[in-house]
Every structure is written in structure tokens, then in C-alpha cells.
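Notes follow the structure.
In what follows, residues are counted from 1 in the order of the sequence shown. All ligand and atom numbering here is 1-based and tracks the order in the structure.
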Amino acid sequence: MKFFIDTANLAQIKEAQDLGILDGVTTNPSLMAKEGITGHDNILKHYIKICNLVDGDVSAEVISTDFEGMVREGDALAELHDQIVIKLPMTKDGIKACKYFSDRDIKTNVTLVFSAGQALLAAKAGATYVSPFIGRLDDISTDGMHLIAEIRHIYDNYNFETEILAASVRHTMHIIDCAKIGADVMTGPLSAIEGLLKHPLTDIGLAKFLADYNKGN
Ligand code: G3P
């Protein structure tokens, strides 16, 4: 399972990278704004900084909503750095743009996916990644994890190569449940990733080992 971090915060990206378990980064316009990164040029510069911090794929989202605009923007983003993955919204034009980029071997991430049918279309268009939003489905009393299972089932039926990138991961149990179902990738906050480290018996056991060691010294 690949681990992506879902943030534009450079300090958090570096912390995850230094842990040695990071496979990539996802961003979106809201995450950029949260870090105070605004304006076209600043956003592009920030993508380059992120790419230089990590080894893996970095999703950069287009702002255009029409096919021609998405293609123009995506082509420019792809030129920025070879780690950039073009993030496209799950719309009619987004699917057309996804096919355009996949035909040219440019990686894509189809985002804002909330149904199995949308995920099927993204795979048909050759998406590298499909991003079903677990947390936002949970927010409206719909089981986000069920969607991951449905997509896994459909993709396995036809050996689609599109990777299921579980997004809108909010906490540690989301990661574990995604791993049980077989999501290829998860993207979440640093707090959810670090939650995997924790167990009180580990802390108690370590304290006891150290105390016993110190008895003899
Ligand atoms: O990866 C998508 C993500 O950024 C959305 O997360 O928490 O805003 O639903 P959230």
C-alpha cells in the first residue's frame, strides 16, 4: 500500500518524508489556500518545492472546468516537474481530459469521486489514480469504506490498472480499513499516519525494559 500525505504544508511533508515511508503527496486548491499559497505563479513554485522534497508522485489540480482549459493547464503542469500528476475533477470534461493525458502517458488523478460508476468511467479513461473521498461520504452518513470495497471489486473484475487512491482520509482507522479492503494508495494527514505508531503497551513495555536495564547500572 502506498502512503501519500494530503497537504501543502512543507514542514509536514518533510516530516513524513524523513520517516521513510512516504510515497507521494496530494494537494488541492483548498490545501494550498490553507498554507497561504495564492496566485498562479506562487502555486506553481510551491509544486516545485514539494517535488524537490519527496521522491514520489505529486498531484497538482487544474482549476479550469472546460476540456481545452484543463488540457492547457495540465500540459503546463506536466512540464513543471516529472513527478507531477495531473489532478482532474470527475466531470464530463475531466474524463475527456483524463483520456487525453493517458493517451500521452501523462499521469492523472481523477478527484471528487463519490460513486462506483464514476470510478468505472475514470478507469475506462485510463486514469493512473482514482480518488474516492471517504471522509466526505462519512460526513453525510454514507459509508465511505463501502465505496472503496465496491471499486476494488469492479477493478479486480476487469484487471483495471487504475490505482484506488483512498482520499479524504481523516483518521488512523480509515487507513487500516483501506488496507484491509486493498486500496492501492491512501492519502491522509500526518496525524492519521502517525496514529499508526501508537500503542500504550509499546510505551509501557519500553519503559519497563529501560527500567530493568537501569537496575544493573
Ligand atoms: O484528498 C482529498 C482531500 O483533500 C479532501 O479531504 O478532509 O477535505 O474531505 P477533506
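- Near ligand 1, heavy-atom contacts under 4.0 Å come from D6, N28, L31, F133, R136, A167, S168, R170, T187.
- Side-chain contact, T26 with S59: no donor N or O sits under 3.5 Å from an acceptor N or O.
- The cationic atom of R152 (NZ for Lys, CZ for Arg) does not lie both less than 6.0 Å from the six-membered ring centre of Y155 and within 45° of the ring axis.
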Pair T111-S131, side-chain hydrogen bond (donor to acceptor under 3.5 Å, both in side chains): steps then yes or no:
CA-CA 5 Å; T111 190; S131 287; 4.7 Å; no
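- In this structure, a donor-acceptor pair under 3.5 Å is present between the side chains of E35 and N9.
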Step-by-step side-chain hydrogen bond (donor to acceptor under 3.5 Å, both in side chains) determination, D184 to Y129
CA-CA 9 Å; D184 301 287; Y129 299 108; over 6 Å; no
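- In this structure, the side chain of E73 engages the main chain of S64 through a donor-acceptor pair within 3.5 Å.
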